[in-house]
There are 2 protein chains.
Amino acid sequence: MESLADYFKVFSEPNRLTVLETLRPGPLNVTAVVEKTGLSQALVSKHLKLLTIAGVVRRRPEGSLVFYEVIDKGVFQLLVQARKLMLASRRQQLDALAAIL
Amino acid sequence: MESLADYFKVFSEPNRLTVLETLRPGPLNVTAVVEKTGLSQALVSKHLKLLTIAGVVRRRPEGSLVFYEVIDKGVFQLLVQARKLMLASRRQQLDALAAIL
DNA sequence: ACGTAGTATCACGTTGTCGTTATGACGTGA
DNA sequence: TCACGTCATAACGACAACGTGATACTACGT
């Protein structure tokens with residue numbers, strides 16, 4: 001939240017990205033995320049908290065359940081763009097390698 | 001490089017972002033980056049290596065100097081987009097807080 | 001009031017990352 | 001070949017992040 005680097009850090013963890021992807025289609029409660037991801041409940045709870053603090057996700061208690069939902073789906077566009085750049089980088093790496101060999 | 005999370009990790013470090021920003025205008029050799037950033041030489045070298053491995057930056061030895069340059073300036077667009085989302089998140093956070101108070 | 005399901009948090013061990021200091025490697029010019 | 005500037009790497013300590021197991025908290029139904 002502090003710096004831009006901290007914001008990137010939010011997405012720099014595989015399990016956290018998995019949790020985030022789970023919420024792509026729509027709101028889910030914690031247990032649902034746990035089941036979909038196969039991660040431990042404590043871990044999912046932690047990641048959801050972090051995502052909440054980062055302002056990526058909104059927490060909405062409903063009875064005894066707690067639903068989480070992505071606030072701005074634009075984050076997924078960020079993921080897409082990052083993946084594009086990443087793949088382009090890889091291509092470039094291979095080309096550089098091929099140029100040597 | 002492996003996963004998308006790893007790619008995000010590249011940008012999740014303040015000093016590394018600083019180094020990257022330094023290369024925005026154009027290629028620079030290591031010492032120049034050191035001077036512009038005020039970071040230690042060893043640290044700059046490390047970050048540049050990481051950026052190179054990530055395919056964000058290209059290494060080009062020239063005599064006894066080693067120049068680094070950003071391969072795809074599209075990365076800066078990624079930074080911009082991330083910052084936008086981050087600021088939007090902050091606004092949202094404040095609004096949520098205001099709604100409570 | 002009690003038990004239970006759902007969620008959050010704590011304490012802990014493990015691992016990874018960052019930064020520094022010191023040293024090594026390389027190219028260049030004298 | 002020697003000294004120097006430039007860059008990379010190694011070794012180390014400090015610290016943060018991750019994941020787990022256990023435990024607290026809360027809302028609900030009985």
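Letters go in sequence order (proteins before strands), and every chain restarts at 1.
- Comparing atom distances between the Glu13(A) side chain and each of dG19(D), dT9(D), dC7(D) picks out dG19(D) as nearest.
- One finds no side-chain N or O of Ser64(A) lying less than 4.0 angstrom from the OP1 or OP2 phosphate oxygen of dA5(C).
- Phe67(B) comes within 4.0 angstrom of nothing in the nucleic acid, heavy atoms only.
- For the side chain to side chain contact (heavy atoms under 4.5 Å, CB included) test with Leu48(A), the passing option among Leu20(A), Leu43(A), Leu28(A), Leu23(A) is Leu23(A); the others fail.
- Comparing dT6(D), dT20(C), dT9(C) by their closest approach to the side chain of Leu65(B) singles out dT6(D).
- Side chain of Ala42(B), nearest nucleotide from dG19(C), dT7(C), dA22(C): dA22(C).
- Going from atom CG of Leu48(A) over to atom C1' of dG6(C) covers 13 Å, rounded to whole Å.
- Rounded to a whole Å, the CG atom of Leu17(B) is 14 Å from the C1' atom of dC18(C).
- Of all heavy-atom pairs spanning Phe67(B) and Asn29(B), the tightest one is CD2-N, 3.5 Å.
- Dashed line: the shortest gap from a side-chain N or O of His47(A) to OP1 or OP2 of dC18(D) is not under 4.0 Å.
- In this structure, the side chain of Ser45(B) does not engage the main chain of Ala42(B) through any donor-acceptor pair within 3.5 Å.
- Distances shown here put every side-chain N or O of Arg16(A) at or beyond 4.0 Å from the OP1 or OP2 atom of dA17(D).
- Between Glu62(A) and Asn15(A), the residue anchored nearer the 5' end of DNA chain D, judged by the nucleotide with its closest heavy atom, is Asn15(A).
- Comparing atom distances between the Leu43(B) side chain and each of dT20(C), dC7(D), dA8(C) picks out dT20(C) as nearest.
- No donor-acceptor distance shorter than 3.5 angstrom exists from the side chain of Arg59(B) to the backbone of Val66(B), with no hydrogens or angles considered.
- Taking side-chain N and O atoms only, Lys49(B) has no distance below 4.0 Å to OP1 or OP2 of dA8(D).
- Rounded to whole angstrom, the span from the CG atom of Asn29(A) across to the C1' atom of dA5(C) amounts to 11 Å.
- The side chain of Ser40(A) places an N or O atom within less than 4.0 Å of a non-bridging phosphate oxygen (OP1 or OP2) of dT20(D).
- Atoms CZ (Phe11(B)) and C1' (dT17(C)) sit 17 Å apart, rounded to a whole Å.
- Distance CG (Leu39(B)) to P (dT21(C)): 13 Å, rounded to an integer number of Å.
- The residue Gln41(B) sits close to a base: some heavy atom pair falls under 4.0 Å.
- Each of Thr31(B) and Lys9(A) was assigned the nucleotide of DNA chain D with the nearest heavy atom; the assignment lying further toward the 5' end belongs to Thr31(B).
- In the displayed structure, Arg83(B) atom CZ is contacted under 6.0 Å by at most 12 heavy atoms of other residues, nucleotides or ligands.
- Counting only heavy atoms from C-beta on, Lys46(A) has its side chain closest to dC10(C) among dC7(D), dG6(C), dC10(C).
- Distances shorter than 4.0 Å separate none of the side-chain N or O atoms of Tyr68(A) from OP1 or OP2 on dG6(C).
- Annotation: cation-pi geometry satisfied between Arg24(B) and Phe76(B) (NZ/CZ under 6.0 angstrom from ring centroid, within 45° of ring axis).
- Taking atom CZ on Arg60(B) and atom C1' on dG27(C), their separation rounds to 17 Å, with Å as the unit.
- Minimum atom distance to the side chain of Arg59(B) is reached by dC7(D), of the listed dC7(D), dG6(C), dA17(D).
- Considering only side-chain atoms of Leu50(B), the nucleotide from dC18(C), dT28(C), dA8(D) that sits closest is dC18(C).
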